Amino acid sequence: MQKKQIFTLVALIMIFLGSYYISGIQSIVGLSFSLFIYSIFIYTLYSGYKKFKDKTYLFFSLENYNIFLHMFLYRVASLFIAVIVII
């Protein structure tokens with residue numbers, strides 16, 4: 001595992017545990033579902049932009065989605081940690 005993946009995993013575990021502590025199991029389900037929906041929405045925007053720039057980019061590729069998902073979760077975890085530190 002790379003350092004980014006370890007950071008993402010630890011940060012998301014802390015976020016899920018904090019969410020569970022505050023609101024219980026339903027908040028973990030809601031957070032997981034909303035992250036899934038946001039990732040699909042942002043992926044369609046990201047893929048549209050990449051397809052516009054590079055005509056050979058595959059829009060519906062599982063490999064491209066996995067790469068995007070790692071990048072998306074890393075940025076979401078970083079944003080959550082930054083907001084927690086600021087607050």
Side-chain angles (χ1 to χ4, degrees):
M1 287 186 111
Q2 296 176 347
K3 289 181 182 179
K4 285 172 75 171
Q5 291 174 336
I6 292 172
F7 168 76
T8 303
L9 187 64
V10 169
L12 287 176
I13 287 172
M14 288 179 6
I15 291 166
F16 280 114
L17 288 176
S19 176
Y20 177 76
Y21 177 73
I22 292 171
S23 299
I25 194 75
Q26 71 270 13
S27 66
I28 292 178
V29 173
L31 182 61
S32 301
F33 185 70
S34 63
L35 280 176
F36 175 70
I37 296 297
Y38 285 137
S39 72
I40 290 175
F41 177 70
I42 300 293
Y43 178 70
T44 56
L45 294 176
Y46 174 78
S47 294
Y49 173 72
K50 291 289 271 187
K51 185 70 172 172
F52 182 72
K53 272 180 67 175
D54 182 17
K55 300 298 181 198
T56 61
Y57 184 78
L58 293 174
F59 191 76
F60 293 108
S61 170
L62 187 59
E63 181 181 340
N64 289 342
Y65 184 70
N66 284 337
I67 293 169
F68 169 78
L69 194 60
H70 287 295
M71 180 180 61
F72 175 76
L73 288 177
Y74 173 71
R75 291 184 178 168
V76 165
S78 299
L79 178 68
F80 276 135
I81 294 297
V83 167
I84 290 170
V85 167
I86 289 172
I87 290 176

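Just so it is clear, the structure is predicted and the values come from calculations on it, not from any experiment.
- Here the side chains of Met14 and Ile81 are in contact, with some heavy-atom distance below 4.5 Å.
- Residues Tyr43 and Phe33 fall within the same hydrophobic cluster, defined by Ile, Leu, Val, Met, Phe, Trp and Tyr side chains chained together at heavy-atom separations under 4.5 Å.
- For the atom pair CG (Leu73) and OG (Ser39), the distance works out to 7.0 Å, reported to the nearest 0.5 Å.
- Here Phe7 pairs with Tyr74 under the ring pair (Phe, Tyr, Trp, His ring centres under 6.0 Å) rule; sequence neighbours left out.
- Tracing side-chain contacts under 4.5 Å through hydrophobic residues (I, L, V, M, F, W, Y), one reaches Phe80 starting from Ile37; they form part of the same cluster.
- Residue Leu31 holds its CG atom at 12.0 Å from CD of Gln26, rounded to the nearest 0.5 Å.
- Considering CZ of Phe36 and CZ of Phe41, their distance stands at 14.5 Å, rounded to 0.5 Å.
- How far CG of Leu79 is from CZ of Arg75: 11.5 Å, rounded to the nearest 0.5 Å.
- Residues Leu12 and Met71 fall within the same hydrophobic cluster, defined by Ile, Leu, Val, Met, Phe, Trp and Tyr side chains chained together at heavy-atom separations under 4.5 Å.
- Under the 4.5 Å side-chain contact rule for hydrophobic residues, Tyr49 and Ile67 do not share a cluster.
- If you take CZ on Phe68 and OG1 on Thr44, they are separated by 8.5 Å, rounding to the nearest 0.5 Å.
- Hydrophobic clustering of Ile, Leu, Val, Met, Phe, Trp and Tyr side chains at less than 4.5 Å, counting indirect connections, keeps Tyr21 apart from Val10.
- Ile40 CD1 to Phe72 CZ: the interatomic distance, rounded to the nearest 0.5 Å, is 10.0 Å.
- Looking at every heavy atom in both residues, Phe16 comes nearest to Leu35 through CZ-CD1, 4.4 Å.
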